[in-house]
Amino acid sequence: MNNEFQVPSFAKRETYDFGATHDTFEIYKELNAISEEIEECRLRNS
């Protein structure tokens, strides 16, 4: 029998700074537009 008490870790997880430049912002805008279009198609076909 395992009597070891497991304590959750509250250590801060590593994050990444993608450096939101104008180019990356345009890419995110395009990806968001694509995801919205996919969602519209999904809703229309359900």
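Because the structure is a prediction, the values reported are computed rather than measured.
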Subject >> Exceeds 12 heavy-atom contacts within 6.0 angstrom, atom CD of E39 >> reply: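 Correct, the count exceeds 12.
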**OP:** Output the distance between atom CD1 (I27) and atom NZ (K29), rounded to the nearest 0.5 Å.
**Re:**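 Going from the CD1 atom of I27 to the NZ atom of K29 covers 12.0 Å.
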Original post:
Can you tell me how far the CD atom of E40 sits from the OG atom of S35, to the nearest 0.5 Å?
Top reply: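 Rounded to the nearest 0.5 Å, the CD-OG separation comes to 10.0 Å.
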**OP:** State, yes or no, whether a side-chain contact exists between C41 and I38 at a heavy-atom distance under 4.5 Å.
**Re:**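 Counting from C-beta outward, C41 and I38 never come under 4.5 Å.
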Subject >> Y28 vs N32 side-chain heavy atoms within contact, under 4.5 Å >> reply: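 They are not in contact (no side-chain heavy atoms under 4.5 Å apart), so the answer is no.
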**OP:** Could you tell me which residues satisfy side-chain hydrogen bond (donor to acceptor under 3.5 Å, both in side chains) with N45, sequence neighbours excluded, listed by chain and number?
**Re:**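 Listed in chain order: nothing, the list is empty.
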